[in-house]
Amino acid sequence: MQEKIIILDFGSQTTQLIGRRVRELNQYCEIVPYNKFPHDDPSVIGVILSGSPFSVYDDKAFKLSLDGIRGKYPLLGICYGAQLMAYNNGGTVEPAGSREYGRAHLSHIDQEDPLFHDIPVGSQVWMSHGDTITSLPENFHIIASTDKVKIAAYRANDEKLWGVQFHPEVYHSECGMQLLRNFVVDICGGKQDWSAASFIETTVAQLKEQLGDDKVVLGLSGGVDSSVAAVLLNRAIGKNLTCIFVDHGLLRKNEFRDVMRDYEGLGLNVIGVDASEKFFSELAGVTEPERKRKIIGKGFIDVFDEEAHKIKDVKWLAQGTIYPDCIESLSITGTTIKSHHNVGGLPEKMNLKLCEPLRLLFKDEVRAVGRELGMPDRLIKRHPFPGPGLAVRILGDITREKVRILQDADDIFIQGLRDSGLYDQVWQAGVILLPAQSVGVMGDERTYERAVALRAVTSTDAMTADWAHLPYEFLAKVSTDIINKVRGVNRVTYDISSKPPSTIEWE
Ligand code: XMP
């Protein structure tokens, strides 16, 4: 039985980060909405309560009684989680004089307390709170303070219940990983037995059992998640897995050919479908971004469905859905938002059972599993690429000629990043074809041609992103290469907007 830490989500933006940190300790954990504690699960060994956008004394705050949890498992409250446990037991929580945000240092630590084992006085921690605990319940005591925050951490006397006001899950908390290790390993007794290899072993066994001799179909996109899901399933059920890779004609230059080659090299049974004609004709004259997305989404489902029907007796649809897609996120009203699928609408339309072998993994874990499965870095380290492909990078209507121009320019940029060793330093990069023409001069000729924008961002999760500070020399070379080699382009710009308020894609 895989022992787990449960993380109760009270809606903080860093809840997923807590999960990732615990997994980095090779300890399995699951994130559940604060009011969905799995009381009947015998594999739970400890509980972490997350932060929240609310104040504990707010009417709308997520309230929770710890009946059936407290005393049964070790508990660690983080920020709101700490305030809630203090408040529920008679402590006082009040608005801080001024919102505390940023770095602080632990000026006092109870070195005897197991939560602070091996954490030195002076350690930097990350604070982000509008409220502060001003007095503790009677049987609680302070175990750490900063200059500004007296109750930076507390413990209930003779009980395995702790609260920390700071955020150990955030990188800026230097001692954060040590603190989480102290809780998860020393206090909860976590065996740290979660690894890519152990995941593959148990998942392959489970898939064999779950699928038996059934036939399974899976849509490949060329991206990391669907590729890893395919290789994992292939290991479990071999020829009973059929993969379908639809080319909508809006992929990168040579992408379809190269990725098909990689898939075949991995021993996958894959059908490649060139459906570009259908997509180009349906997209002709369409300029509105959401309309483009809808046409491509529906077209994809139609083509996939038609191909899948050619295979006899298919029972399952497999998808590369990963954990962040599945975690039921809390909306501010406290209702849970439905988890979403990679290929929205497909499972319903096809009337197949759904198999999602990566649904418990974070992105970095998917990559680790892929590596362990022997997949090439080319596939594993690929930048994210939008499902509608170059359609959302051609502003305005789409023609084959525009796609050709964009593919050529994009290829020079991406190849340049690879050749300069910059590819792995950016989260995602691509070129945008602008609906603008401008005057230039080439030799003695006046030109009146298209402008493109280069886009490269750094990010950890695509929720926020900064424009990548690429070297000028590199940008200069890419610009010259594009203008010299790509017929139809005479101007190159670099997008220096961050997300928010901009987005990564232009459409
Ligand atoms: P934005 O542009 O919203 O993009 O900052 C965030 C991430 O999502 C990708 N993206 C998409 N992926 N279908 C997809 O599969 C889409 O319609 C789509 N739109 C944006 C984008 O490339 C980035 O990684």
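Each ligand, and each atom within it, is numbered from 1 in the order the structure gives. This one's a predicted model, so the numbers in the text were calculated from it and none came from an experiment.
- Annotation: side chain to side chain contact (heavy atoms under 4.5 Å, CB included) contacts of L422 (sequence neighbours excluded): L417, S420, Q425, L470, P471, F474.
- Ring geometry, Y80 versus F10: the interplanar angle falls from 30° to 60°, so the pair is classed tilted.
- Of the protein's non-hydrogen atoms, P386 CA, 3.5 Å is the one closest to atom 12 (N) of ligand 1.
- Of the candidates E505, Q428, K499, it is K499 that places a heavy atom closest to atom 6 (C) of ligand 1.
- Checking atom 22 (O) of ligand 1 against the protein gives a heavy-atom contact under 4.0 Å.
- For atom 18 (C) of ligand 1, the nearest protein heavy atom is under 4.0 Å away.
- In this structure, R23 satisfies the cation-pi test against Y323, with its NZ or CZ atom closer than 6.0 Å to the six-membered ring centre and inside 45 degrees of the ring normal.
- Considering only residues two or more places apart in sequence or on other chains, R367 meets the salt bridge (charged side-chain N to carboxylate O under 4.0 Å, His left out) condition with none of them.
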- [ ] Assess whether salt bridge (charged side-chain N to carboxylate O under 4.0 Å, His left out) is satisfied between E356 and R359, documenting all intermediate values.
- [x] CA-CA 6 Å; E356 296 176 319; R359 59 176 298 117; 2.5 Å; yes
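- Here is the list of ligand 1 atoms found below 4.0 Å of a heavy atom in T503: 1 (P), 2 (O), 5 (O).
- For ligand 1 and P388, the ligand atoms under 4.0 Å from any heavy atom of the residue are 13 (N), 16 (C), 17 (O).
- Ranked by closest heavy atom to atom 15 (O) of ligand 1, the top entry among A462, G430, G387, S459 is G387.
- Side-chain atoms of S276 and D247 form no donor-acceptor pair, as typed in the model, at a separation below 3.5 Å.
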